[in-house]
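Written out below as structure tokens is the structure these notes cover.
Just so it is clear, the structure is predicted and the values come from calculations on it, not from any experiment.
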Amino acid sequence: MSCSKYMPAPVCLIENDENGKLHMKKEAKAILDGINEPVVVVSVVGLYRTGKSYLMNRLAGQQSGFALGSTIESKTKGIWMWCVRHPNKKGHTLVLLDTEGLGDVAKGDSKNDGWIFCLAVLLSSTLVYNSRGTIDNTALEKLHYVAELAENIKIRSTEAEDEEDSEFVMFFPSFTWVVRDFTLDLEIDGKKVTDDDYLEFALNLKKGILDRSVGRKISDYNLPRECIKRYFPSRKCFVFPFPVTSQEDMTRLEILQDQDLAQRFLEVTGNFCDHMLVNSAVKRLKGGHIVTGQLLGRLVEIYVDTINSGEVPCLDNAVVVLANLENQAAVQEALKVYQRGMEEVRHALSLYVSLYLLEQNQMASERKCRDLLKDLFADMNKWLQDGEYSQSGGYELYKRDRDAIVEQYRREPNKGVRVRTLSVSISTLLEQKLKEEEEKRIENDRMMETENMRHEDMVKQMQEKFNKELEQQQQERDRAIESKLKEQEEMLKKGFNQKAENLEEEIKKLNNEKKRLSGGSIFKDYVMPFLRPLVEMVPNLLMQRLMLNSLKMGLKR
């Protein structure tokens, strides 16, 4: 993607119409189609009117861009996108997604909010949740969309949801909770703590069955906390103070200069941006497949179409669709190579047949002309041997007889292409023609060799790519196992023995899957379906080479 194609301002990626239907915008799709490099995708979600858009603008290195709401009306509708050059990763594009505020009173559609949250999770490398005040039980209850992810996302279409739940950790983005307008001291039991410690403290589970202080089940209290821990093992927190002191200035943040903002607010903003740009990873699909702008656009289409059809987005299905698209592209490329080769074969074959027939005609003509000349000169040879031309006036007699024989030879019909005359040398013309075709043969040979090298290089690159993706899958499972072990240790320390036992089963399952991948079945399951169309092209390429070799031999004759 060239510098001129980077977006000067955000555009709507997914429109959320009045009926709650989602639509991908053509302009955004065209922009993503023009991005061939890997993308790092950062999405921000949160309740409406919590200042989400300000953070996205700062990540883009701009003061303004995404609309900032200064009234109770939500400014961002659907999901908006801003693609900018990644300042830290050369050859990568930073895609910023600003989502519609959740819980908008004017909309009042919780299910629609759930799909917006779900899309943000599915599309991003890093998910930023933006809230105000503190991370208390009320704030966590408002994040009930996390608990609904198991209902709204599937990994495999053939397995039950409870079997998939434990694997979300491998495919979900990293999670960052941003707390805006925080006024408390960061202390727990009288000790100063970090922002991350504050988040982990807020995610602590309770024991028991009923919380009498609020008259509800402990399981309801624990559910959002458990889901955040389970789905997002990589967690980060940033606590922001108020940016300004007056309410009037709060409504015009996008026009205020840095000197007008609180120094501590600027420091946290800088730390947040630095962390996002350094630690947000390239977006990958299940299996470690790196996502480019083009693939991201196709992913959006797949997920939006699935949601609109009433189905649940499935990670496996998305990977299959994208793999089929890449397969088709690879087959089309191989087909072009094949067609170019066959055009050369047809041309060479046509030339060979023409030259072969010409050579046969020349040989037949040669024999006929020699026999004719032998007959015509028979009498003249006898007179020459008898000394007729050695007498006085013999030279003049010789020229007369010779000219008469030449004239008779010229008048003789059906002599073919080997007519021996004093003015034309067909042999010389044939040699020139053969020389030209030999040069063409050498050029065709060089082109075929180039195509073969290109084909071999393509196969080598694909092998390296799949080896790398296999390694990525192993790393995904290693991270998941590490996360589960850490969570299990925490549960045991806090006395949640049953939860620790459940985690043990999940860890065993992940280890078994890791062993399966190490056994090499990944090659059969994932690599061969991708390579098969190209492998089927190889016999055709070999056939081209054999035909050209046979033509070379024919031309040399």
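For the pair Asp195 (side chain) and Val239 (backbone), a donor-acceptor distance under 3.5 Å is present. The closest donor-acceptor contact from the side chain of Asp196 to the backbone of Arg235 lies at 3.5 Å or more, if one exists at all. Checking side-chain atoms of Gln294 against main-chain N and O of Asp33 turns up a donor-acceptor pair under 3.5 Å.
A distance of 10.0 Å separates CD of Glu148 from CH2 of Trp115, quoted to the nearest 0.5 Å. To the nearest 0.5 Å, atom CG of residue Asp274 and atom CZ of residue Phe272 are 10.5 Å apart. Here Met81 contributes atom CE and Lys29 contributes atom NZ; the two are 11.0 Å apart, rounded to the nearest 0.5 Å. Considering CZ of Arg180 and CZ of Phe242, their distance stands at 10.5 Å, rounded to 0.5 Å. Going from atom CD1 of Ile290 over to atom NE2 of His92 covers 6.5 Å, rounded to the nearest 0.5 Å. With rounding to the nearest 0.5 angstrom, the CD1 atom of Ile79 is 9.5 Å from the CG atom of Asp98.
Asn57 and Gln63 share no donor-acceptor pair across their side chains, judged by distance under 3.5 Å alone. A donor-acceptor contact under 3.5 angstrom links the side chains of Asn137 and Glu141, judged on distance only. Looking only at atom types and distance, the side chain of Asn279 has no donor-acceptor partner in the side chain of Lys236 under 3.5 Å away. No side-chain donor from either of Thr306 and Glu311 sits under 3.5 Å from a side-chain acceptor of the other.
Using bins of under 30°, 30° to 60° and over 60° for the plane-to-plane angle, the ring pair Phe175/Trp177 lands in the perpendicular bin.
In this structure, Ser124 and Leu97 have side chains that are not in contact, with every pair of non-hydrogen atoms separated by 4.5 Å or more. Residues Glu490 and Asn204 are in side-chain contact: their nearest non-hydrogen atoms beyond the backbone lie under 4.5 Å apart. Looking only at side-chain heavy atoms (C-beta outward), Met491 and Leu503 come within less than 4.5 Å of each other. Side-chain contact between Thr99 and Leu119 is absent, with no heavy-atom pair separated by less than 4.5 Å. You'll find the side chain of Asn511 reaches within 4.5 Å of the side chain of Ile481, heavy atoms only. At least one side-chain heavy atom of Val300 sits under 4.5 Å from a side-chain heavy atom of Ile14. Put simply, the side chain of Asn152 does not reach to within 4.5 Å of the side chain of Val121, judged on heavy atoms. Proximity of Phe117 to Leu143: side-chain heavy atoms (C-beta onward) are separated by under 4.5 Å at one or more points.
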Cys237 and Ile135: CA distance, side-chain angles, deciding distance, side-chain contact (heavy atoms from CB on, under 4.5 Å) verdict:
CA-CA 10 Å; Cys237 182; Ile135 306 179; 4.2 Å; yes

side-chain contact (heavy atoms from CB on, under 4.5 Å) for Glu301 and Arg298? Distances and angles first, verdict last.
CA-CA 5 Å; Glu301 284 186 323; Arg298 192 67 186 97; 3.1 Å; yes

Pair Gln498, Asn502 - check side-chain hydrogen bond (donor to acceptor under 3.5 Å, both in side chains), show working.
CA-CA 6 Å; Gln498 184 58 51; Asn502 294 339; 3.3 Å; yes

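A distance below 6.0 Å separates the ring centres of Phe240 and Phe265. Side-chain rings of Trp82 and Phe66 approach one another, their centers coming within less than 6.0 Å.
Salt-bridge check for Arg264 with Glu267: passed, with a basic side-chain N closer than 4.0 Å to an acidic carboxylate O. One finds a salt bridge joining Lys493 and Glu489 here, because a Lys/Arg side-chain nitrogen approaches an Asp/Glu carboxylate oxygen to under 4.0 Å.
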